[in-house]
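Some notes on the structure that comes next.
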Amino acid sequence: MTPIHAGSAWQEALGFAVAGWFQLVTAAVILADRGGKRFYHLVAAANVVFLGAWVYSRTVGLPFGETPNVAEPVGAIDAVCAALEVGVVLLALRLALAPERRSVGRLAPALCAVAALGLATVVITSPDAADHGHGNVPAAPTGLDALRIEVDRDRCDKDVNIPAYWKEAKYLGVDTRWGDNPPAVAGAAPTSADGHAHGGSTAATGSSTTTTDPDPYEGRGSPGLDKLVSDTGQAALSEGAAAVLITSLSAASQQDYDAWLWWLRGSGSLSHEHSSTSAAGDGSGHGGHVGPQPWVAMTDQKLCDRVEEELALARKTAMSYPTAADAQKAGYRLVTGYVPGIAAHWIKGSLIDETFEIDKPEMILYDGNGLDAHVVGLSYYQWHVGDNKPTQGFTGDNDHAHRHIGLCSAKDSGAIIGDSQTSAEDCEARGGTKSDGSKGWMSHAWVVEGCESPWGVFSAASPVLDWDLGQSSGKDGGHCAGSGVRDRYDMDPPPKADDGAPTGEATKTTGSSPGN
């Protein structure tokens, strides 16, 4: 068994080699008539250990090898080996416990030896030995399957996002290994890492949805689900429509929300961008994403440590401007009022250039329009000409930048007074002008404790920033305590306010809200 396992499970191969050589050496000692009582005690103890390892591998599964923690079935080879080891234990104990050295004739031992050799020869030359495997355990994975296992084993980035992100991403089949761009492997189908076809088509796994996870409404639907479906279709068209979806999701009942997730998974409506380098059509909505964003796994501990340090710096930077009044004192001005999903944007024009600097965010995001609004995150904004995304950002490949092309800006203040779908005539009537915006690239970082995004720390929008949060701005103690969806995403209680008093408790609302 040693050479059979040497190529794929060195621990098992080493174990077989050690056990085999131990048996050969002890046999030689016995044949040379040099074994004493202590020696037979050693022989018995060692074979008990071998038997214990075998029983454990057949009942629980060894924690290493080709199939870790998987119990293997009993086969002819291992059963005969175990039986012979039981015989060795019994004979060794008999000799060790004998009151005195016994003289044994040669005939009986010789017959036993011949029988053992004959039995061993039969099983060694059997098909079970020639085609040895682990019973019904699947063969060792290859290709993309093997790479998936390797990534899952080595990744060190699971703490970067909150548990709600990983839970929904897994349910929806969002690729969190290669960010919708799996490596090319010979023989692999041209699909994403979790089975979804590219190009926005229906998910390859959608047909299994009805059998493995039934529709919560059993195909009957509901008015609430229809609204969510409709709003999802409109969300990519404009920033206003994207905000309506966030508001509708917050106001939806849990059953409607669960049904929406079921529909989203099976309909192919996850608006995920499949290019990490280009965003030619990404100019409206909240960056082209609905639900958890795809994620590129990080398997280098040094890089994981670095991104954690960077996020800590970003968090420290955000918390140095706890309220909008602090941002105003630092030279920031309100450019976009509170919008569900992306909050209120305070901008500092002197920081806008071609350089990304973690501790110098061009924009700071708040939960309302007043000076008492609390910080919820950061937004980085840099000039970059063309449709190829800028390469600067946080360590890793997950903070994808997006643009807002054609916003309506006030002529006097530069504040945003209309979304990208506002016509030139309407914008002019409001006292504004349509801005190009094609060279302005934005990326978000939801780093404030309590305001983590269930769609990813760098997601273009966050469902936590709902209508309820905007209404409680300045009154809930900050840290997104006023969001109505905290329980839905199993988020931890918000931290205590700076004065030590508990922040306000979130209250889930199910009625309609302005914007619906």
Side-chain angles (χ1 to χ4, degrees), residues 179-181 200 234-246 270-291 293-294 334-349 351-358 360-365 377-394 397-410 414-424 427 432-446 453 455-462 465:
D180 268 353
N181 288 289
Q234 300 297 310
L237 301 179
S238 71
E239 294 78 7
V244 169
L245 174 61
I246 297 294
L270 285 166
S271 300
H272 289 151
E273 195 181 331
H274 291 268
S275 173
S276 61
T277 59
S278 175
D282 183 17
S284 59
H286 284 164
H289 290 281
V290 173
Q293 69 167 38
L334 181 65
V335 67
T336 302
Y338 183 80
V339 178
I342 58 175
H345 289 54
W346 285 70
I347 193 170
K348 190 172 184 178
L351 294 177
I352 301 177
D353 54 22
E354 295 83 10
T355 305
F356 174 87
E357 296 177 271
I358 293 176
K360 295 180 181 179
E362 289 77 10
M363 293 185 232
I364 306 176
L365 311 179
L378 301 176
S379 183
Y380 297 93
Y381 191 83
Q382 64 184 98
W383 299 129
H384 182 75
V385 178
D387 291 335
N388 291 323
K389 296 179 181 180
T391 60
Q392 299 177 72
F394 288 83
D397 189 24
N398 293 301
D399 55 332
H400 303 306
H402 62 275
R403 300 175 293 184
H404 294 276
I405 299 175
L407 295 174
C408 178
S409 304
I416 304 301
I417 57 176
D419 67 17
S420 58
Q421 293 303 301
T422 305
S423 67
C427 183
T433 181
K434 294 279 282 185
S435 59
D436 179 7
S438 61
K439 70 172 185 177
W441 293 83
M442 178 185 301
S443 59
H444 295 157
W446 308 111
S453 172
W455 290 356
V457 64
F458 302 120
S459 60
S462 170
L465 308 178

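- Legend: residues meeting side chain to side chain contact (heavy atoms under 4.5 Å, CB included) with Glu354, ordered by chain and number and at least two apart, are Trp383.
- Within the 3.5 Å criterion, the main-chain N or O of Pro294 finds no donor-acceptor partner in the side chain of Asp180.
- With a 4.5 Å cut-off on side-chain heavy atoms, Ile246 and Leu465 do not count as touching.
- Remark: the Ser420 side chain and the Ser238 side chain contain no N/O donor-acceptor pair separated by less than 3.5 Å.
- For Asp353, there are no side chain to side chain donor-acceptor pair (under 3.5 Å) partners two or more places apart in sequence or in a different chain.
- In this structure, the side chain of Gln293 engages the main chain of Asn398 through a donor-acceptor pair within 3.5 Å.
- Side chains of His402 and Met442 form a contact here, defined as non-hydrogen atoms less than 4.5 Å apart.
- A pairwise comparison of heavy atoms in Arg403 and Asp387 identifies NH2-OD1, 3.1 Å as the closest pair.
- A donor-acceptor pair under 3.5 Å links the side-chain atoms of Ser435 to the main chain of Leu407, judged by distance alone.
- Of the residues Trp441, Tyr381, Tyr380, the one that meets the ring-ring contact (aromatic ring centres under 6.0 Å, His included) test with Phe356 is Tyr380.
- Residues passing the ring pair (Phe, Tyr, Trp, His ring centres under 6.0 Å) test with His345, sequence neighbours excluded: His444.
- Considering only residues two or more places apart in sequence or on other chains, Thr422 meets the side chain to side chain contact (heavy atoms under 4.5 Å, CB included) condition with Cys408, Asp419, Asp426, Cys427, Arg430.
- Applying the side chain to side chain donor-acceptor pair (under 3.5 Å) criterion to Thr433, with sequence neighbours excluded, gives no partner residue.
- Not counting sequence neighbours, the partners of Lys360 by the salt bridge (Lys or Arg N to Asp or Glu O under 4.0 Å) test are Glu357.
- The shortest side-chain heavy-atom distance between Val335 and Trp346 does not fall under the 4.5 Å cut-off.
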